[in-house]
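To keep things clear, I will list the structure first and then write my remarks on it.
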Amino acid sequence: EFPTIDSMVPAIRNGTSNMVESKFLVRGDVIQIQESMIIPADIRLVNVGSIKPVINGCSLFGKEGVHIGEINGNGNYYRSPNMAFQGSTVESGKGLGIVLKTGKDTFLAKLTKIDYFENESDTK
C-alpha cells in the first residue's frame with residue numbers, strides 16, 4: 001500500500017493550535033512535521049530545533065536518496081534547502097513549516113499536471 005497524506009495535521013492558524021484537515025490548509029498556516037509524515041502542502045521550514053528533519057524528495061526529483069536539505073538552491077524556490085514539498089516524506093526529525101502552496105498550486109500538482117479541483121467547487 002502506498003503512503004498517503006495524513007487527513008488531519010497539527011496546525012497553528014491565527015495564533016490558535018488545532019487539528020486541521022489537510023485539504024483545508026491555507027497559505028500562512030504553520031504546521032508541525034514529524035517522522036514518517038507525508039508533507040501535505042508546499043512548506044518553508046522555519047523551526048527545526050536540534051533534530052533537523054530529513055525530508056526525502058526522491059518521489060518528486062527522481063533520484064534515490066535525494067534529501068531536500070542537501071540541495072543547493074542557488075536562488076531557485078524549488079531547490080531551496082528550507083523547502084519541503086507536498087508528497088515528500090519526513091524520514092526523521094521534526095519541526096515547523098509555514099504553508100506556502102496547497103492543492104493545485106503545489107509543486108507536485110504542477111509536476112503531475114493534476115487539477116485537483118477540476119470537478120469540485122473551490123474549497124478555499
Closest contact, heavy atoms only, Ala41 versus Lys101
CB-O, 3.3 Å
Identify the heavy atoms of Ala109 and Gly103 that sit nearest to each other, and give their distance.
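Shortest heavy-atom contact: CB-O, 3.5 Å.
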From [atom1] ([X]) to [atom2] ([Y]), nearest 0.5 Å:
X	Y	atom1	atom2	result
Met19	Gln32	CE	CD	9.0 Å
Ile38	Ile33	CD1	CD1	11.5 Å
Gln86	Asp105	CD	CG	10.5 Å
Phe85	Asp42	CZ	CG	5.5 Å
Ser92	Gln34	OG	CD	12.5 Å

Any side-chain heavy-atom pair from [X] and [Y] closer than 4.5 angstrom?
X	Y	value
Ile43	Ile39	yes
Met37	Val9	yes
Met8	Glu21	yes
Val99	Ile31	yes

Of all residues at least two apart in sequence or in a different chain, which pass the salt bridge (charged side-chain N to carboxylate O under 4.0 Å, His left out) check with Arg27?
none
Go through the structure and list residues passing side-chain contact (heavy atoms from CB on, under 4.5 Å) with Val20, not counting sequence neighbours.
Ala11, Arg13, Asn18, Phe24, Leu25
